[in-house]
Amino acid sequence: MDHSEILDKVKALVAETLEANEADLSEETSYEDLGADSFDLLELVTAMEDEFGITVDDSADLSEVKTIGDTVDMVTKAL
């Protein structure tokens, strides 16, 4: 799976989970700008795990995941 395929899936999941307009999302979009709280991010991580068949290590520092691009990087590393 290449970068653009992962980005498209991440954007779709973010749009669905956070009720955002997918067309407005880019790699630079921050979760803070979308009004996401820690519960939203946890829900998003669970959706990513299900969609990509990955496991995000419980010790992962999710505070470093601030943008959609950060999420794409996290997924890429886990694949």
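Note that these values count all heavy atoms, side chains included, but never hydrogens, waters or copies made by symmetry.
Inter-residue side-chain proximity for E64 and D70 is flagged as unmet; no heavy-atom pair is nearer than 4.5 Å. Contact annotation: the side chain of M48 approaches that of L13 to within less than 4.5 Å [non-hydrogen atoms, C-beta and beyond]. Using a 4.5 Å heavy-atom threshold, the side chains of I68 and V14 count as touching. A heavy-atom distance below 4.5 Å is not found between the side chains of Y31 and T67.
Judged as a salt bridge (Lys or Arg N to Asp or Glu O under 4.0 Å), and not counting sequence neighbours, K11 has no contacts. Applying the salt bridge (Lys or Arg N to Asp or Glu O under 4.0 Å) rule to E51 yields the partners K9; only residues at least two apart in sequence or on another chain are considered. Partners of V45 by side chain to side chain contact (heavy atoms under 4.5 Å, CB included), not counting sequence neighbours, listed by chain and number: E49, V56, L62. Residues passing the side chain to side chain donor-acceptor pair (under 3.5 Å) test with D50, sequence neighbours excluded: none. In terms of the side chain to side chain donor-acceptor pair (under 3.5 Å) criterion, residue partners of S30 (sequence neighbours excluded) are, by chain and number, D33.
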Side chain to side chain contact (heavy atoms under 4.5 Å, CB included), that's the test. Do L25 and N21 meet it? Break it down for me. CA-CA 7 Å; L25 303 177; N21 183 345; over 6 Å; no

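Although no hydrogens or angles enter the test, the distance criterion places a donor-acceptor pair under 3.5 Å between the side chain of T29 and the main chain of S26.
Within 6.0 Å of CD on E5 lie more than 12 heavy atoms contributed by other residues, nucleotides or ligands.
Atoms CD1 and OG1, from I54 and T76 in turn, are 9.0 Å apart once rounded to the nearest 0.5 Å. Here the straight-line distance linking atom CG of D8 with atom NE2 of H3 works out to 9.5 Å at 0.5 Å rounding. Summarising the geometry, atom CG belonging to L34 is positioned 6.0 Å from atom CG belonging to L18; distances are rounded to the nearest 0.5 Å.
Hydrophobic clustering keeps F39 apart from V65 (ILVMFWY residues linked when any side-chain heavy atoms are closer than 4.5 Å, directly or through intermediates).
Sequence neighbours left out, not one pair with a member in residues 35-44 passes side chain to side chain donor-acceptor pair (under 3.5 Å).
Pairing each heavy atom of F52 with each of I6, the nearest pair is CZ-O, 4.0 Å.
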